[in-house]
Amino acid sequence: MKKLNVGLVGAGFMGKAHVVGYSNMPKFFWPAPAVPVMKTICDIVPEIAEDARERFGFEKCCTDWNNIVNDPDIDVVSICTPNNAHAEIAIAALKAGKHVICEKPIASKLEDAKAMADAAEEAAKKGIISMNAYQYRRVPAIDLAKKLIDEGSIGKILNIRCTYLQSWSADPSSPLSWRFQKEIAGAGTLGDIASHVIDIAQYLAGDIEEVTGMMNTYIKERPVQEGGVDLLGTVKLGADAEKRPVDVDDETSFLVRFKNGAVGSIEATRNAWGRNNYITVELHGTLGSISFNYERLNELQVCFANDPDNCRGFKTIYTGPAHFHGEVTWNIPGMNIGYGELKAIEMYEFIKAVATGEQPSTRFSVGYRVERVCEAMRESAESGNWVKVED
Ligand code: SOE
């Protein structure tokens with residue numbers, strides 16, 4: 001069986017998610033397109049790097065990503081760092097002939113996203129793969145929605161309404177991690193979570209053409225946390241802690257118009273008490289409707305106009321062996337998958353792309369388009385106008 005040596009940069013929450021994906025992928029997808037080998041893990045904090053090496057089963061660890069990019073033994077690179085580091089690492093890795101999977105948003109600045117997409121297209125000429133980790137479009141229920149749409153089962157799409165609501169930053173004593181600093185993150189909810197539903201909306205309904213909306217920051221300063229490690233609201237700091245300003249959005253709300261004439265809305269916040277990973281997508285077409293909620297990710301609700309009047313309504317389809325990748329995960333309906341299996345599905349798509357040389361559906365140019373939608377949203381929030389997405 002072919003093996004691929006993995007170099008992973010950034011040993012935090014997303015680093016763990018990538019390791020879970022790589023390690024479990026061949027357990028589900030067998031024979032695997034290739035087997036990932038945990039070669040080198042990098043984190044700028046030496047103790048975190050060493051701890052992650054031991055915990056995740058890597059052969060080596062380092063504190064400088066150049067060691068990974070310049071290592072001829074490394075085949076694929078996972079980028080799980082804060083957003084402002086993506087471009088430099090990804091471009092260097094692609095130039096060194098490594099296949100790259102990079103966390104979202106693709107970058108913290110539009111010009112970096114463009115440079116990454118250009119570098120990826122250049123590298124693609126030599127068979128190098130790029131991928132952005134927009135994993136939620138790979139939820140089997142979302143893939144089923146895509147199939148139903150493509151088959152025409154709900155007719156012409158009229159409206160798509162998406163939300164991504166979380167609660168982890170609703171408490172003002174949650175510290176000022178890098179996710180609240182524009183210089184590092186580029187944006188708040190817009191890049192961090194709205195980008196996921198922008199990706200899903202474009203996957204299902206096609207390119208967004210123009211947007212109008214607003215962005216709000218509710219908690220204007222937060223307690224400073226030593227080291228700035230992102231703890232996603234699991235730590236609270238006392239009232240006496242030094243505070244510094246938040247310069248990114250807590251909430252984004254937009255109306256969108258698609259190139260194909262459909263309209264819709266996109267809302268995201270990390271300040272919604274009671275909503276945890278509440279990604280919802282509701283589509284209305286001329287022949288039916290589709291509704292999805294990630295907090296019940298094994299379900300898709302569908303309603304068909306052609307059902308008899310006295311039986312028409314939403315019905316729930318439970319995804320399982322009859323659906324995407326269901327035959328290789330748990331093949332009894334109702335056993336269900338979760339975030340860990342989703343990451344394994346994502347790594348299957350990445351490793352399959354590397355093994356076959358065929359770019360995945362979320363290559364860097366797709367992440368760059370999401371970023372251009374975000375840029376139009378930023379401009380609209382400032383001007384109050386409808387803003388066209390750059391083509
Ligand atoms: C924090 O909002 C976060 O970790 C995001 O950065 C991820 O993209 C999302 O999938 C889960 O929440």
Side-chain angles (χ1 to χ4, degrees), residues 9-21 78-86 101-108 113 131-139 141-142 162-171 174-182 184-201 203 215 217-219 222 225 228-235 246 248-252 266-281 292-297 337-347 362 366-367 370-371 373-374:
V9 190
F13 166 68
M14 281 324 299
K16 176 171 89 176
H18 281 222
V19 172
V20 167
S78 267
I79 304 178
C80 304
T81 62
N83 309 340
N84 64 339
H86 291 178
I101 178 165
C102 179
E103 267 308 318
K104 43 46 57 183
I106 182 168
S108 60
M131 178 158 153
N132 272 133
Y134 280 117
Q135 73 269 6
Y136 296 117
R137 67 154 66 189
R138 304 186 199 285
V139 172
I142 291 287
C162 303
T163 70
Y164 196 153
L165 315 179
Q166 298 181 323
S167 59
W168 64 264
S169 78
D171 187 334
S174 289
L176 186 86
S177 74
W178 64 264
R179 285 181 204 271
F180 298 100
Q181 301 176 46
K182 188 165 184 220
I184 308 177
T189 53
L190 181 64
D192 190 29
I193 54 175
S195 63
H196 280 296
V197 281
I198 294 169
D199 177 59
I200 293 177
Y203 180 51
M215 291 158 71
T217 304
Y218 296 116
I219 299 174
R222 288 183 182 271
Q225 169 206 323
V229 175
D230 176 35
L231 298 163
L232 289 168
T234 53
V235 164
V246 170
V248 297
D249 53 285
D250 282 329
E251 185 175 279
T252 55
I266 289 181
E267 272 186 74
T269 174
R270 302 178 295 202
N271 288 37
W273 287 119
R275 297 296 182 207
N276 299 312
N277 209 47
Y278 193 76
I279 301 170
T280 63
V281 181
F292 169 80
N293 170 4
Y294 180 85
E295 290 183 359
R296 304 186 69 89
L297 83 160
I337 63 159
Y339 188 68
E341 286 89 344
L342 185 56
K343 276 298 189 193
I345 291 174
E346 174 172 62
M347 288 313 175
T362 54
V366 172
V370 171
E371 211 43 44
V373 175
C374 291

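When reading the values below, keep in mind they use all heavy atoms of this one structure, side chains included, and skip hydrogens, waters and symmetry mates. Each ligand, and each atom within it, is numbered from 1 in the order the structure gives.
- Although no hydrogens or angles enter the test, the distance criterion places no donor-acceptor pair under 3.5 Å between the side chain of R137 and the main chain of I142.
- Between the side chains of T362 and N132, not a single donor N or O lies within less than 3.5 Å of an accepting N or O.
- Remark: side-chain polar atoms of H86 are paired, donor with acceptor, to backbone N or O of T81 under 3.5 angstrom.
- For atom 12 (O) of ligand 1, the nearest protein heavy atom (residue, atom name, distance) is Q166 NE2, 2.9 Å.
- Distances between N or O atoms of N277 and those of ligand 1 include no value under 3.5 Å.
- Side chains of Y203 and Y134: no donor on one and acceptor on the other come within 3.5 Å.
- Taking any N or O of Y339, backbone or side chain, none lies under 3.5 Å from an N or O belonging to ligand 1.
- Between the K16 side chain and the A11 main chain, no donor and acceptor come within less than 3.5 Å of each other.
- Within ligand 1, counting atoms from 1 as listed, the ones closer than 4.0 Å to a heavy atom of H196 are 7 (C), 8 (O), 9 (C), 10 (O).
- Shortest contact from atom 5 (C) of ligand 1 to any protein heavy atom: D192 OD1, 3.2 Å.
- Close to ligand 1: Q135, with a non-hydrogen atom less than 4.0 angstrom away.
- When the heavy atoms of Y164, F13, Y134 are ranked by distance to atom 11 (C) of ligand 1, first place goes to Y164.
- Residue I193 has at least one heavy-atom neighbour below 4.0 Å for each of these atoms of ligand 1: 2 (O).
- Contact annotation: for M14 versus ligand 1, there are no heavy atoms closer than 4.0 Å.
- For the residue pair N293/T280, the side-chain donor-acceptor check at 3.5 Å is not satisfied.
- No donor-acceptor contact under 3.5 angstrom links the side chains of N276 and Q166, judged on distance only.
- Contacts of E103 with ligand 1, taken as heavy-atom pairs under 4.0 Å, are absent altogether.
- Applying the 4.0 Å criterion to heavy atoms of K104 picks out, from ligand 1, the atoms 5 (C), 6 (O), 7 (C), 8 (O).
- In this structure the side chain of K104 never reaches within 4.5 angstrom of the side chain of D199, judged on heavy atoms.
- For atom 10 (O) of ligand 1, the closest non-hydrogen atom of the protein is Y136 OH, 2.5 Å.
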